[in-house]
Amino acid sequence: MVNRSVSRIDAVEKVTGRALYAADLSLPGMLWGKVLLAAHPHARILSLNTTEAAALPGVQAILTALDIPGAKEIGAVIEDQPVLAVDRVRFLGDGVALVAADTQAAAEEALKHISVKYEPLPGVFTPEEALAPDAPVLHEVRPGNVVNCHRVRKGNLADAFSKAEVVLEREYRTQLIEHAYMEPEAVLAIPDPDHKGVQVIGSIQNPFSTRSFVARALALDLNRVRISQSTLGGSFGGKDEVMYIMAIRAALLALMCGRPVKMVNDREDSLRESYKRHPYQLHYKVGATRQGKLT
């Protein structure tokens with residue numbers, strides 16, 4: 001309202017500690033899910049052996065990309081982010097395998113016993129490296145490593161610069177920024193055996209997009225997937241794809257095991273998996289009169 005103080009809807013619950021975040025939720029018979037992240041920023045997966053890990057006490061399931069019944073890649077803009085890597089990893093946050101176990105400690109221990117053999121490949125870490133003529137191609141459908149290009153033109157540039165009394169041409173760079181929300185990513189997936197579906201409760205920024213991607217990855221009708229947003233402990237635009245993928249992973253484990261599955265990132269995994277505000281490199285050329293009027 002204009003000219004009146006308005007209390008936040010969730011203020012009292014948060015300051016008194018009564019608000020329930022996704023990591024606070026638990027159910028009887030609940031399993032803990034963990035994901036094995038890539039060991040290299042760019043590598044080919046030569047082999048993946050889960051036999052030793054599957055035999056550990058408390059381990060209920062270990063899944064790979066082969067166990068995903070539907071779409072194996074998702075993305076809010078371009079669908080090229082794997083739920084689990086199939087044959088290649090392209091950054092240190094790519095998931096390789098999933099574990100469901102009776103306790104969080106058992107799930108974390110199982111990750112140590114999954115054997116993955118990699119063939120490391122050259123990586124690119126700056127725009128300049130990615131655009132170099134001899135740069136490794138990260139996605140075959142994106143030759144030259146160019147994901148998109150927008151050209152905007154208006155007026156006669158040559159004429160405008162000829163009338164300029166001052167021309168400034170400079171390079172600018174911005175830094176990489178981590179969203180750094182206080183609450184790391186967390187979900188609880190609950191199978192619904194009566195309707196052959198699943199419910200996912202979590203720190204989810206966009207419930208409807210999450211619902212769509214979970215349904216597509218699990219090859220379920222949309223009405224078989226229910227997404228519930230828990231109290232959100234920060235997001236700032238940072239809980240899109242990372243939450244879509246976590247919701248899919250937890251839901252997949254829950255349906256495979258027939259039991260609720262909870263997944264909570266620690267801070268290190270959150271930093272590795274989540275996308276950032278990209279560092280930009282910008283080239284500007286500006287023409288103006290000596291009075292400061294842009295031409």
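Model, not experiment: these values are computed from the prediction.
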| task | Applying side-chain contact (heavy atoms from CB on, under 4.5 Å), run through Leu220 and Leu255 and close with a yes or a no. | result | CA-CA 11 Å; Leu220 294 172; Leu255 290 177; 4.1 Å; yes

| query | Would you say Lys196 has more than 12 foreign heavy atoms packed within less than 6.0 Å of its NZ? | reply | no

Please collect all salt bridge (Lys or Arg N to Asp or Glu O under 4.0 Å) contacts where either partner lies in [range], sequence neighbours excluded, each pair once.
range	value
residues 116-133	Arg44-Glu119, Glu128-Arg173
residues 253-264	Asp102-Arg259
residues 274-295	Glu178-Lys276

Let me check something: do [X] and [Y] share a hydrophobic cluster, defined by ILVMFWY side-chain heavy atoms less than 4.5 Å apart, either directly or through other members?
X	Y	answer
Val99	Leu48	yes
Val225	Leu222	no
Ile114	Leu92	no
Val261	Ile227	yes

Name each donor-acceptor pair under 3.5 Å that joins a side chain in residues 31-43 to protein atoms two or more places apart or in another chain, with its distance.
unit_1 : atom_1 : unit_2 : atom_2 : d
His42  : ND1    : Pro122 : O      : 2.6
His42  : NE2    : Arg88  : NH1    : 2.8

Compare all side-chain heavy atoms of [X] with those of [Y] and state whether any distance is below 4.5 angstrom.
X	Y	answer
Leu121	Pro136	no
Thr210	Val200	no
Arg224	Asp221	yes
Ile62	Val59	yes

| request: Evaluate the side-chain contact (heavy atoms from CB on, under 4.5 Å) criterion for residues His179 and Phe236: first the C-alpha distance (whole Å), next the side-chain angles of each, then the deciding distance (0.1 Å), finally the verdict. | output: CA-CA 7 Å; His179 293 84; Phe236 322 119; 4.2 Å; yes

| message | Test of understanding: with salt bridge (Lys or Arg N to Asp or Glu O under 4.0 Å), list the residues that count as partners of Asp159, not counting sequence neighbours. | response | Lys163

| Set of residues satisfying salt bridge (Lys or Arg N to Asp or Glu O under 4.0 Å) with respect to Glu79, sequence neighbours excluded | Arg216

I'd like to know if the side chain of [X] reaches the main chain of [Y], judged simply by a donor and an acceptor atom lying under 3.5 Å from each other, with no hydrogens or angles considered.
X	Y	value
Arg90	His139	no
Ser230	Ile201	no
Asp269	Asp266	no
Ser203	Ala186	yes
Gln199	Arg226	no
Asn145	Leu138	yes

| Hydrophobic cluster of Phe91, others only, ordered by chain and residue number, side-chain cut-off 4.5 Å | none

| Other than Val86, which residues form its hydrophobic cluster under the rule that side-chain heavy atoms must be closer than 4.5 Å? | none

Where do [X] and [Y] come nearest, in terms of heavy atoms and distance?
X	Y	value
Ala85	Val89	CB-CG1, 3.8 Å
Ala106	Pro57	CB-O, 4.1 Å
Leu232	Tyr21	C-CE2, 4.0 Å
Val167	Ala164	CG2-CB, 4.1 Å
Ala100	Cys257	CB-SG, 4.0 Å
Leu176	Pro279	N-CB, 3.7 Å

Could you pull out all donor-acceptor pairs under 3.5 Å where a side-chain atom in residues 63-72 meets a protein atom, sequence neighbours excluded?
unit_1 : atom_1 : unit_2 : atom_2 : d
Thr64  : OG1    : Leu66  : N      : 3.4
Asp67  : OD2    : Thr64  : N      : 2.9
Lys72  : NZ     : Ile68  : O      : 3.0

| Taking it one step at a time, do Arg8 and Lys14 satisfy side-chain contact (heavy atoms from CB on, under 4.5 Å)? | CA-CA 10 Å; Arg8 286 181 59 99; Lys14 285 185 173 180; 4.0 Å; yes

Side-chain donor-acceptor pairs under 3.5 Å in residues 237-249, sequence neighbours left out?
unit_1 : atom_1 : unit_2 : atom_2 : d
Lys239 : NZ     : Glu183 : O      : 3.0
Lys239 : NZ     : Glu183 : OE1    : 2.8
Lys239 : NZ     : Gly234 : O      : 2.9
Asp240 : OD1    : Asn206 : ND2    : 2.4
Asp240 : OD2    : Tyr275 : OH     : 3.4
Glu241 : OE2    : Ala76  : N      : 3.0
Arg249 : NE     : Val83  : O      : 2.9
Arg249 : NH1    : Glu273 : OE1    : 2.8
Arg249 : NH2    : Val83  : O      : 2.9

| said: By the definition side-chain hydrogen bond (donor to acceptor under 3.5 Å, both in side chains), identify the one residue from Ser274, Ser235, Ser270 that meets it with Glu185. | reply: Ser270

| query | Stepwise, does the side-chain contact (heavy atoms from CB on, under 4.5 Å) test hold for Leu252 with Val198? | reply | CA-CA 9 Å; Leu252 180 64; Val198 65; over 6 Å; no

| request: List for me each residue that meets side-chain hydrogen bond (donor to acceptor under 3.5 Å, both in side chains) alongside Gln291, sequence neighbours excluded, and say none if there are none. | output: none

| field | Under the side-chain hydrogen bond (donor to acceptor under 3.5 Å, both in side chains) test, residues paired with His113 that sit two or more places apart | value | Glu52, Glu109

| What is the distance from atom CE of Met263 to atom CG of Leu188, rounded to the nearest 0.5 Å? | 12.0 Å

| query | Side chains of Thr231 and Glu13: is there a donor and an acceptor less than 3.5 Å apart? | reply | no

